[in-house]
Amino acid sequence: MVEIIILIILASLIFLFYRSFTKRKLMKSDFYTMVQDKSEQFLIDFGELKTKYIASSDTEELKERYSKIYKRFLKNKTLFRNMTKEMKSFYETYRNLSKLVREWNMAYVEYEIKETEELLNNVDDKSLDDQQREAIVTDEDNNLVIAGAGSGKTLTVAGKVKYLVQRKKIDPDNILLITFTKKATEEMRERIVEDLGIGVKTTTFHRLGLDIISYQRGYRPEVTENLNQILTDFFVSKVKQNPKLVEDVIYYFGFYQSVPSSYDEIENLDELYKSYKHMNLETLKSTIDRKIEETKELKKTLQRETVKSFEEVLIANFLYLNGIKYEYERIYPYDVNDRYRKKYRPDFYLPEYDLYIEHFGINKDFRTPWLNEIEEEKYLEGIHWKRSVHKEKGTNLLETYSYYNQDNQLLSKIEEKLTKAGVEFHKPDLKEVYTNIFLSEREENYFKETKKLMATFINLYKSQGFDLDEFNRLEEELKQIENPFLQRRSLLFLSMTKNAYSYYQTRLNDNNEIDFNDMINHATVFVEDSHSLDEDSFLNFDYIIIDEFQDISVSRFNLVNAIKEQSNSKVLSVGDDWQSIYRFAGSDLDLFSNYNQYTEEATEQLKIEKTYRNSQDLIDIAGQFIMKNPSQITKNLVSNKSNDHPVYIYGYNQDYYKAFSKAIESIVEDKGEETDIFVLGRNNFDKDRIIQLSDGELRLYRDRDRNDMLEHKKFPNLRIQYLTVHRSKGLQASNVIIINLRNDKLGFPNKISDDPILSFVLSNKEDFEFGEERRLFYVALTRTLNDVYLITPEKDMSIFVNELIKSHGLVFNLVTGETYNGSNPKCPRCKGTLILRENSFNRNQFLGCSNYPYCDYSFKDPNLLHNEIKCPSCKGYMIKRKGRYGEFYGCENYPFCENKIKI
């Protein structure tokens with residue numbers, strides 16, 4: 001036992017001696033000295049960084065420089081056990097560097113805000129709020145300031161420049177300020193160069209790209225903005241030379257111009273009928289017949305043949321494009337009078353074959369789940385009745401069904417059925433069809449929205465840096481679309497656009513011109529190939545500041561990134577994703593919304609949320625409206641202003657100008673005749689309708705700044721300016737009137753600008769319906785310092801206005817003095833709204849569906865508006881009737897429902 005104890009003691013002494021020897025040996029080694037020196041130097045370097053805001057690139061560079069030493073610590077246990085105080089401090093600091101940097105930066109920002117209090121108390125005679133100050137002193141590699149409407153973005157940018165120059169001693173020549181418009185550049189120059197006396201370089205992206213490419217080439221290139229005109233020339237002169245392209249264009253416009261809602265995607269017919277209101281439901285036959293007649297001496301204008309559903313358009317156009325004569329809704333020639341039915345009008349009649357076509361809106365199970373139980377029973381009974389009538393009278397009936405279109409089989413099915421019925425197909429001369437429809441004096445209007453869509457697609461396409469070959473890749477991608485209708489539609493659009501793009505590029509090359517996207521892309525390549533910039537290079541900047549960053553495109557983003565990489569700049573981007581409205585010019589919102597995914601270094605995101613323009617009441621309404629789109633960044637906007645009634649809705653049936661006048665009079669009554677007003681429209685031509693209907697009360701003129709001004713005869717001192725919503729961005733007025741709030745293809749929202757085809761040339765697909773148009777409407781709502789007036793029709797009300805009414809209980813005021821607040825009875829058939837109407841023959845009033853002519857439901861007794869009695873059995877409306885025992889209430893659905901209520 002004693003021997004064992006002695007051995008243990010000896011072993012311990014040997015171990016201690018060896019450890020002491022190893023430690024002395026290690027401490028005397030060059031490696032140990034090197035580690036000690038590196039640890040001390042790391043602490044010095046980190047201490048030097050802690051004199052400023054530590055950017056992510058500084059942190060990464062520091063970690064990279066000392067990563068080998070840190071790894072040696074982890075691997076060398078002897079070294080790890082024998083650390084000096086400096087080594088231990090190095091190890092702990094390096095291990096927790098990211099956390100320590102965050103803590104330091106928070107403390108630094110707080111310190112800088114206090115130290116710059118006096119400096120930022122007066123920026124252009126204004127004192128900055130707390131969030132603006134935090135945005136200014138934060139100094140990450142990439143800084144994204146997310147700002148609300150009217151929150152002082154320009155003031156924040158001016159404050160940042162003042163801070164950099166006066167506090168951080170940055171040379172003004174080393175600060176680049178980029179805006180998107182010449183007007184914004186002039187405003188920035190006035191606010192910073194003139195008012196603050198700081199001579200930073202202020203430029204537009206257009207000017208920046210032009211300067212770079214002129215420097216590279218040694219001359220200024222010709223930059224064209226004629227895309228729209230060249231697209232017009234393409235349709236007028238180029239398409240008709242290519243038979244395949246003629247066919248593609250006709251079939252696109254005949255069958256695929258609009259994207260319909262599916263019956264399986266809707267809860268009720270009201271949703272479907274609202275989508276019809278933005279589609280062109282006039283048939284090709286009608287369009288051609290009218291245009292031929294308009295060329296004759298009598299200038300006779302034929303009645304438009306407007307069908308009642310998207311699927312009926314497909315059938316009508318199929319018949320026409322296969323040379324099959326038809327009549328739409330011709331009265332059935334046999335006596336089939338039924339006291340409970342209107343005159344029978346089959347959907348289509350083919351006179352050459354004495355053949356009728358009925359298109360039934362049913363699913364594969366012969367059901368109509370979008371209708372309630374009683375309406376479904378009535379509709380299905382109607383199908384059986386029509387079948388029995390044709391059987392009884394010996395007339396030939398051919399049936400098609402809505403579910404055919406769901407499977408993209410409608411056209412093939414009708415072809416199959418017509419062929420079986422012995423109908424002969426004779427394709428017309430498609431070139432002649434194209435000439436008659438598209439090359440008449442009105443072709444501009446026919447192609448207008450499709451050209452806009454093409455121009456947007458091409459701008460986004462070129463902004464991505466794609467060339468002609470990329471169309472082949474896109475074609476393969478489009479072939480993977482599962483929905484056959486969307487696949488065929490997308491491929492037709494791509495075919496037209498590929499040809500248009502090729503024609504456009506040829507025109508540019510022939511004229512030795514480039515467009516804006518070419519200029520920016522070429523400038524980016526030049527900067528990237530420069531490898532490094534001389535100290536005196538005109539592109540050497542310490543800071544790049546971008547205003548309205550939500551409008552950034554891929555090409556612009558790449559140019560900024562190239563300059564940043566070459567000159568090691570820091571970037572401050574200021575913008576509002578809620579106001580991103582320039583997708584047609586190539587802007588890609590995902591670059592803003594997911595900014596950190598597109599930058600190599602970290603991005604610090606800050607918000608400025610106090611608005612100085614709008615009342616809190618308007619902010620709440622507009623904010624809830626925009627945040628229906630979950631992809632928008634959440635902001636908590638606040639204001640010191642209040643306004644109990646910031647939004648007024650004036651409606652009309654026929655007298656559009658009367659509703660507009662009511663808004664003018666309300667503003668004058670509330671704010672006096674010396675106030676100023678913005679009249680905002682979705683399109684440039686919206687102002688024409690006001691002028692035409694004003695009967696001389698309004699006069700349009702251009703002032704010295706080329707603004708569209710409106711002079712009011714009755715109130716000559718009013719300052720009224722007409723602007724499109726796009727042009728109004730960044731501006732404000734005491735009062736705002738928004739016009740053209742119709743549920744229409746060219747209304748607000750514009751139904752073409754959010755086409756799903758654009759998702760294939762965006763960085764990230766935006767799935768939310770009318771996302772861009774919703775942002776545009778938000779911009780319109782927030783231009784006012786006081787109130788905003790919405791002018792909308794009662795029948796075809798904008799879905800945006802309807803949403804505001806439902807979400808916020810806003811009152812719809814008819815100019816006649818009637819009030820509708822969404823409480824009118826609902827149409828039992830389609831769930832539209834029953835509206836008071838007047839019979840044009842006997843002036844009797846009745847209730848008609850808001851979705852007429854798609855839904856022809858009517859109710860004779862207008863008292864339903866004030867005395868709504870529903871049938872307890874089928875939920876239809878009860879009608880006052882007279883019987884042998886006096887008055888009683890009987891169900892409108894008699895004889896399907898025989899329920900009665902005694903009076």
Side-chain angles (χ1 to χ4, degrees), residues 43-59 62 89 93 96-148 150-172 174-175 177 188 191-192 195-198 200 542-547 549 569-576 601-612 635-640:
L43 296 173
I44 293 171
D45 291 346
F46 186 53
E48 289 179 354
L49 286 179
K50 290 172 68 175
T51 60
K52 61 174 186 175
Y53 187 99
I54 304 176
S56 61
S57 58
D58 297 324
T59 306
L62 187 65
S89 181
T93 302
N96 298 294
L97 188 59
S98 296
K99 177 175 177 288
L100 292 171
V101 167
R102 281 196 303 272
E103 291 173 350
W104 166 254
N105 283 341
M106 289 174 63
Y108 178 82
V109 167
E110 187 177 342
Y111 170 79
E112 279 293 280
I113 288 175
K114 290 179 181 177
E115 289 295 303
T116 58
E117 181 177 5
E118 185 176 345
L119 178 73
L120 300 180
N121 275 346
N122 182 11
V123 178
D124 198 16
D125 296 326
K126 296 180 179 67
S127 179
L128 277 69
D129 62 39
D130 293 341
Q131 286 185 317
Q132 290 172 328
R133 292 170 191 255
E134 183 181 359
I136 286 170
V137 303
T138 300
D139 201 27
E140 187 52 86
D141 294 305
N142 301 290
N143 304 272
L144 178 64
V145 178
I146 304 167
S151 61
K153 294 188 290 291
T154 304
L155 183 66
T156 304
V157 170
K160 179 73 175 184
V161 171
K162 183 176 182 181
Y163 171 78
L164 291 176
V165 173
Q166 297 186 13
R167 171 73 174 171
K168 307 297 286 185
K169 307 304 179 186
I170 302 296
D171 188 334
N174 292 336
I175 300 173
L177 176 54
M188 284 292 184
R191 298 279 290 272
I192 296 173
D195 294 348
L196 298 182
I198 303 174
V200 298
D542 294 326
Y543 285 85
I544 302 172
I545 301 175
I546 308 170
D547 187 30
F549 186 71
S569 314
K570 291 189 175 184
V571 176
L572 169 66
S573 303
V574 184
D576 180 7
E601 303 92 354
T603 298
E604 187 67 41
Q605 290 193 6
L606 304 112
K607 295 179 181 179
I608 52 176
E609 299 168 302
K610 185 172 183 179
T611 178
Y612 300 90
K635 305 183 192 72
N636 181 31
L637 300 185
V638 295
S639 171
N640 292 333

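No side-chain donor-acceptor contact under 3.5 Å links Glu609 to the backbone of Lys635. Of the possible donor and acceptor atoms, one in the side chain of Lys162 sits under 3.5 Å from a partner among the backbone N and O of Asn122.
Rounding to the nearest 0.5 Å gives a distance of 9.0 Å between CD of Gln131 and CG of Leu606. To the nearest 0.5 Å, atom CG of residue Leu97 and atom CG of residue Leu49 are 8.5 Å apart. For the atom pair Ile544 CD1 and Ile175 CD1, the distance stands at 11.5 Å (nearest 0.5 Å). Between the CG atom of Asp58 and the CG atom of Asp45 there is a distance of 11.0 Å, given to the nearest 0.5 Å. For the atom pair OH (Tyr108) and CD1 (Ile113), the distance works out to 11.0 Å, reported to the nearest 0.5 Å. Here the straight-line distance linking atom NZ of Lys52 with atom CD1 of Ile54 works out to 8.0 Å at 0.5 Å rounding.
Considering only heavy atoms from C-beta on, Lys126 stays 4.5 Å or farther from Tyr612 through its side chain. Inter-residue side-chain proximity for Leu155 and Arg191 is flagged as met; some heavy-atom pair is nearer than 4.5 Å. Using a 4.5 Å heavy-atom cutoff, the side chains of Phe549 and Val574 are not in contact. Annotation: side chain of Thr138 is not in contact with side chain of Gln605 (no heavy-atom distance under 4.5 Å). For the pair Phe46/Val101, a side-chain contact is recorded, criterion being any heavy-atom separation below 4.5 Å from C-beta on. For the pair Ser127 and Arg133, the minimum side-chain heavy-atom distance is below 4.5 Å.
The two residues Ala147 and Lys153 have their closest heavy-atom pair at CB-CG, 3.3 Å. Scanning both residues, Lys50 and Trp104, for their nearest heavy atoms gives O-CZ2, 2.9 Å. The shortest non-hydrogen separation linking Leu120 to Gly159 is CD2-O, 4.1 Å. Heavy atoms only, all atoms of each residue included: Ile170 and Asn174 are closest at CG2-CB, 4.4 Å. Contact detail for Lys160 and Ile136: the closest heavy-atom pair is NZ-O, 2.7 Å. In terms of heavy atoms, Ala135 sits closest to Val145 at CB-CG2, 3.9 Å.
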Inset, instruction - Under the side-chain contact (heavy atoms from CB on, under 4.5 Å) rule, what do Glu134 and Val109 come out as? Steps first, then yes or no, please. - result: CA-CA 7 Å; Glu134 183 181 359; Val109 167; 4.0 Å; yes
Inset, instruction - Just do the side-chain contact (heavy atoms from CB on, under 4.5 Å) check on Thr154 and Met188 with the steps written out, would you? - result: CA-CA 7 Å; Thr154 304; Met188 284 292 184; 3.8 Å; yes
Inset, instruction - For side-chain contact (heavy atoms from CB on, under 4.5 Å), just list the numbers for Asp195 and Asp125, CA-CA rounded to whole Å, side-chain angles, deciding distance to a tenth of an Å, and then say yes or no. - result: CA-CA 10 Å; Asp195 294 348; Asp125 296 326; over 6 Å; no
Inset, instruction - In sequence, state the C-alpha distance, the side-chain angles, and the governing distance for Arg102 and Lys99, and then conclude on side-chain contact (heavy atoms from CB on, under 4.5 Å). - result: CA-CA 5 Å; Arg102 281 196 303 272; Lys99 177 175 177 288; 3.9 Å; yes
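With 3.5 Å as the limit, one finds a donor-acceptor pair spanning the side chains of Glu140 and Ser56. Side chains of Glu112 and Tyr163: a donor on one and an acceptor on the other come within 3.5 Å. Side-chain contact, Ser57 with Asp141: a donor N or O sits under 3.5 Å from an acceptor N or O.
Among the candidates Ile546, Thr603, Asn143, the single residue satisfying the side-chain contact (heavy atoms from CB on, under 4.5 Å) test with Val571 is Ile546.
Within 6.0 Å of the CD atom in Glu115, the count of heavy atoms belonging to other residues, nucleotides or ligands exceeds 12.
For the pair Lys168 and Asp139, the salt-bridge criterion is not met [side-chain N within less than 4.0 Å of a carboxylate O].
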